[in-house]
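For reference, the structure discussed in these notes is given below.
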Amino acid sequence: MAEELSELLRKRREKLEEFKKAGLDPYPYKYNRTHTSAEILSEFEKIGGEEDSPNEVSLAGRIIAKRGHGKAFFMQIVDGWGKLQIYAKLDILGKEKYELFEKLDMGDFIGVKGHVFRTKTKELTIRVSDWTLLSKSLHPLPEKWHGLQDKELRYRERYVDLMVNAETKEVFLKRIKIVKAIRNFLEDKGFLEVETPILNVLQGGAAAKPFKSFHDALDMPLFLRIAPELYLKRLLVGGFEKIFEMGRVFRNEGISYKHNPEYTMLEVYEAYADYNDIMKLTEAMVLSAIKIVSPELKLEFKGEIIDFSPPWKKIPLLEALRQYGGIDIEGKSEEEIRSIAKGKGIEGIEKIGIGKIINVLYDKLVEPNLRQPTFIIDYPLETSPLAKKKRGNPKLVERFELIIAGMELANAFSELNDPMDQRERLKKQAELKAAGDIEAESMDEDFLKALEYGMPPAGGLGVGIDRLVMLLTNSPSIRDVLFFPHMRPHDNN
RNA sequence: GCGCCGCUAGCUCAAUUGGCAGAGCAGGACACUCUUAAUGUCAAGGUUGAAGGUUCGAUUCCUUCGCGGCGCACCA
């Protein structure tokens with residue numbers, strides 16, 4: 001193995017040995033720092049050109065730049081809060097400590113102690129009186145000017161990407177704030193955060209292909225959840241009136257700029273509310289997150305300006321087909337709609353039902369053209385087995401999706417709570433499943449039993465958190481907002 | 001799953017028509033006590049993603065495979 005290491009890796013291992021020989025522990029257990037980089041910058045802001053800080057500080061972090069000058073040395077240290085420059089001098093450290101200091105590599109963690117002063121170029125800097133090795137780095141860092149550019153490496157070795165590309169870290173800090181803003185918004189409104197099973201006996205709550213797993217002791221197959229919906233509704237039955245869950249769901253489907261096999265979904269349920277109430281809630285909640293990154297409610301996404309100023313457009317699906325697709329299917333027979341779809345070049349629709357055809361028409365003709373925030377409302381009954389029929393039109397359901405930049409951000413309905421109706425709809429789903437539709441819902445008798453006990457009228461909402469973060473951070477791919485997006489493994493291990 | 005593009009030193013990138021594979025940064029040696037993409041001098045660093053083929057000669061042309069990116073399909 002040792003012979004196969006490149007020059008650079010070998011050199012670093014040699015240095016590790018040199019440090020050990022000099023009596024340094026390359027991996028000590030702890031370090032007492034008095035300040036973070038940000039604390040030093042704010043606390044010693046007023047220090048002038050000629051003076052040193054009255055007290056010594058200590059700082060810990062990673063070396064990200066080295067500038068040697070013979071008998072003096074500058075380095076940049078980065079910690080969790082920012083960067084700070086340090087300055088070491090042979091006179092102060094003494095020959096032995098200074099020569100070891102010179103041997104430090106980019107990427108090594110050190111702790112330094114010293115007074116804070118301001119350099120000729122007005123930069124706050126620690127004058128190092130003592131230093132400690134905290135962790136020896138054995139790999140070279142990427143180029144200091146361009147950083148790590150290769151997308152594959154950035155996703156695979158995210159730790160390096162985070163180390164050297166400040167913009168990457170920014171995106172994830174924003175993600176954390178966005179998630180927090182949404183939690184705060186819901187908690188302020190009296191919603192309680194709950195947790196439900198991820199290992200499911202049945203597949204349900206969405207139209208999607210699940211991942212399969214297996215429980216050895218129980219000797220039974222399990223599915224990773226595709227949505228928490230049916231468990232959250234059981235909680236409505238149990239008496240929780242305002243609840244939400246933010247968590248990972250898993251879908252065994254293709255990967256694209258807006259799809260990852262596991263992603264973070266927010267689901268919200270409110271008793272005694274309908275989809276109109278949920279629409280208002282959704283708008284207010286998303287706006288509370290947008291304010292984190294853009295108080296003026298306008299932002300750029302992939303070169304396009306998205307204006308989030310409320311109120312957002314609200315268009316019935318059939319109306320959207322007229323406006324964006326140039327087709328009018330209102331009151332048309334199934335035959336006529338099929339021929340319209342064929343006329344638009346939609347393939348493979350002979351076997352699917354009329355509701356699905358309308359969905360396909362919508363997906364092809366409308367959704368890509370919806371760039372500004374828009375609620376599409378009132379969907380065909382057939383494709384929404386968990387939503388209540390629309391008041392005054394039983395062919396439709398009370399459902400909306402929030403579309404921004406051609407992406408579905410949210411999906412919500414007036415939740416179906418009629419156990420007889422729900423049983424009929426799940427029966428149809430079970431038939432589809434038996435006929436080979438792997439995305440169809442399962443017949444969930446326990447869920448139906450819960451509904452039979454009585455579930456209050458309620459509105460429910462699902463939000464794709466990753467996609468929201470994409471929009472708010474101008475990230476072109478879902479992989480850019482996931483610390484560790486799914487990647488095929490490489491051969492070499 | 002299909003199509004197009006990419007893969008060259010640790011990193012960022014060059015390489016003319018198929019003719020000795022190069023630079024910057026990082027790393028090494030030397031010099032340098034306020035630099036900040038520090039600077040100067042010198043030396044080193046490569047199975048060009050993998051395997052095969054065509055050719056006197058392949059980073060370059062062809063085939064297969066791997067990984068990635070983008071688009072399409074599927075989906076949220």
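In what follows, chains are A, B, ... by sequence order, proteins preceding strands, each numbered from 1. Just so you know, these numbers use all the heavy atoms, side chains as well, and skip hydrogens, waters and symmetry mates.
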side-chain hydrogen bond (donor to acceptor under 3.5 Å, both in side chains) involving A:Ser414 - partner list, sequence neighbours excluded
A:Glu398
Whole angstroms only, please: what is the NZ-C1' distance between A:Lys15 and B:rG28?
9 Å
Do A:Asp105 and A:Ser137 touch side chain to side chain, with heavy atoms closer than 4.5 Å?
no
Which nucleotide, if any, forms a Watson-Crick or G-U wobble pair with B:rG19, using both distances under 3.5 Å?
B:rC56
Nearest-Å distance once atom P is located in both B:rA58 and B:rU54
11 Å
Span that lies between the P atom of B:rG49 and that of B:rC7, in whole angstrom
7 Å
Any side-chain heavy-atom pair of A:Tyr155 and A:Asp480 under 4.5 Å
yes
B:rG71: pairing nucleotide in any strand, Watson-Crick or G-U under 3.5 angstrom
B:rC2
When all nucleic acid strands are considered with a 4.0 Å heavy-atom cut-off, which category describes A:Gln85: base, sugar-phosphate, or nothing?
base
Is A:Glu229 salt-bridged to A:Lys233, going by a charged N under 4.0 Å from an acidic O?
yes
Measure the shortest side-chain to side-chain distance between A:Phe447 and A:Gln422 over non-hydrogen atoms and say whether it is less than 4.5 angstrom.
yes
Just how far, in rounded Å, is P of B:rC34 from CG of A:Leu124?
19 Å
Identify which one of A:Lys356, A:Lys209, A:Lys428 satisfies the salt bridge (charged side-chain N to carboxylate O under 4.0 Å, His left out) criterion when paired with A:Asp437.
A:Lys356
Where the side chain of A:Lys11 is concerned, which of B:rG28, B:rC34, B:rU33 is the nearest nucleotide?
B:rG28
Can you tell me the distance, in whole Å, between the CZ atom of A:Arg156 and the P atom of B:rC11?
13 Å
Could you tell me whether the phosphate oxygens of B:rG27, OP1 or OP2, come under 4.0 Å of any side-chain nitrogen or oxygen in A:Lys66?
yes
With a 4.0 Å limit, can you tell me whether A:Arg488 has a side-chain N or O closer than that to the phosphate oxygens OP1/OP2 of B:rC67?
yes
Whether A:Arg225 side chain and A:Arg248 backbone form a donor-acceptor pair below 3.5 Å
yes
Ignoring hydrogens and angles, are the base of B:rU35 and the side chain of A:Glu123 linked by a donor-acceptor pair under 3.5 Å?
no
Watson-Crick or G-U wobble partner of B:rA43, both distances under 3.5 Å
none
Counting Watson-Crick and G-U wobble pairs only, both distances under 3.5 Å, name the nucleotide matched with B:rG27, or none.
none
Residue A:Thr119, side-chain atoms from C-beta onward, closest of B:rG28, B:rU33, B:rC34:
B:rC34
Just checking, A:Arg127 and A:Phe117: is the charged tip under 6.0 Å from the six-membered ring centre and within 45° of the axis?
yes
Looking at every strand, decide which applies to A:Lys120 at a 4.0 Å heavy-atom threshold: base, sugar-phosphate, or nothing.
base
Classify every nucleotide of nucleotides 39-44 of chain B by which part a protein heavy atom approaches to under 4.0 Å, writing B for the base, S for the sugar-phosphate alone and - for neither, in 5'-to-3' order.
------
Atom pair distance, as rounded to whole Å: CZ in A:Phe101 and C1' in B:rU33:
13 Å
Whole-Å C1' distance, B:rC32 and B:rG18:
48 Å
Confirm from the modelled atom types if A:Asp91 and B:rU33 form a donor-acceptor pair under 3.5 Å, side chain to base only.
yes
Would a 4.5 Å heavy-atom cut-off, applied to side chains only, mark A:Met265 and A:Arg251 as touching?
yes
So, does A:Arg67 get its side chain near the phosphate of B:rU35, meaning an N or O under 4.0 Å from OP1 or OP2?
no
Remember a base hit wins even if backbone is also touched, and classify A:Leu153 as base, sugar-phosphate or nothing at under 4.0 Å, heavy atoms.
sugar-phosphate
Can you figure out which of B:rG10, B:rG28, B:rA76 approaches the side chain of A:Tyr263 most closely?
B:rA76
Scan A:Asp150 against the nucleic acid and name what it touches under 4.0 Å (heavy atoms): base, sugar-phosphate only, or nothing.
sugar-phosphate
Atom OH of A:Tyr379 and atom P of B:rA76 are separated, to the nearest Å, by 11 Å
Interatomic distance at C1', B:rA9 relative to B:rU48, whole Å
10 Å
If you look at every strand shown and take non-hydrogen atoms under 4.0 Å, does A:Lys209 touch a base, only sugar-phosphate, or nothing?
nothing
When rounded to the nearest Å, what value does the distance between C1' atoms of B:rC2 and B:rA21 take?
36 Å
Touch check for A:Ala206, heavy atoms < 4.0 angstrom, all strands: base, sugar-phosphate only, or nothing?
nothing
A:His69 has a side chain; which of B:rU12, B:rU35, B:rA76 sits nearest to it?
B:rU35
Whole angstrom value for the distance that separates P of B:rC25 from CH2 of A:Trp145
13 Å
By the Watson-Crick or G-U definition, both distances under 3.5 Å, B:rC34 is matched with none
Rounded to whole Å, CG of A:Leu8 lies from C1' of B:rG10 at a distance of 5 Å
Applying the 3.5 Å cut-off to both distances, the Watson-Crick or G-U partner of B:rG66 turns out to be B:rC7
Nearest-nucleotide check on RNA chain B, A:Phe74 vs A:Lys103; residue mapping nearer the 5' end is A:Lys103
Rounded to whole angstrom, note down the C1' distance from B:rG66 over to B:rA50.
7 Å
Please state how far atom CD in A:Glu367 lies from atom P in B:rC74, giving the value in whole angstrom units.
12 Å
pair A:Tyr159-A:Leu162: side-chain heavy atoms closer than 4.5 Å
no
Base, sugar-phosphate, or nothing for A:Asn359, non-hydrogen atoms under 4.0 angstrom?
nothing
Select base, sugar-phosphate, or nothing to describe what A:Leu148 touches, counting heavy atoms under 4.0 Å on all strands.
sugar-phosphate
Which is true for A:Phe117 with a 4.0 Å heavy-atom rule: it touches a base, it touches only sugar-phosphate, or it touches nothing?
base
Between B:rG57 and B:rG19, how far apart are the two C1' atoms, rounded to whole Å?
7 Å
Protein N or O to nucleotides 69-73 of chain B N or O, pairs below 3.5 Å:
from: B:rG69; atom 1: OP1; to: A:Arg479; atom 2: NE; distance (Å): 3.0
from: B:rC70; atom 1: OP2; to: A:Arg479; atom 2: NH2; distance (Å): 2.6

Could you grab the distance from atom CG of A:Leu124 to atom NZ of A:Lys46, nearest 0.5 Å is fine?
12.0 Å
B:rC65 versus B:rC25 - spacing of their P atoms, nearest Å:
41 Å
Any salt bridge between A:Arg175 and A:Asp466, counting N to O under 4.0 Å?
yes
Between the side chains of A:Glu143 and A:His146, does any donor sit under 3.5 Å from an acceptor?
yes
Closer than 4.0 angstrom, basic N to acidic O: yes or no for A:Lys11 and A:Glu14?
yes
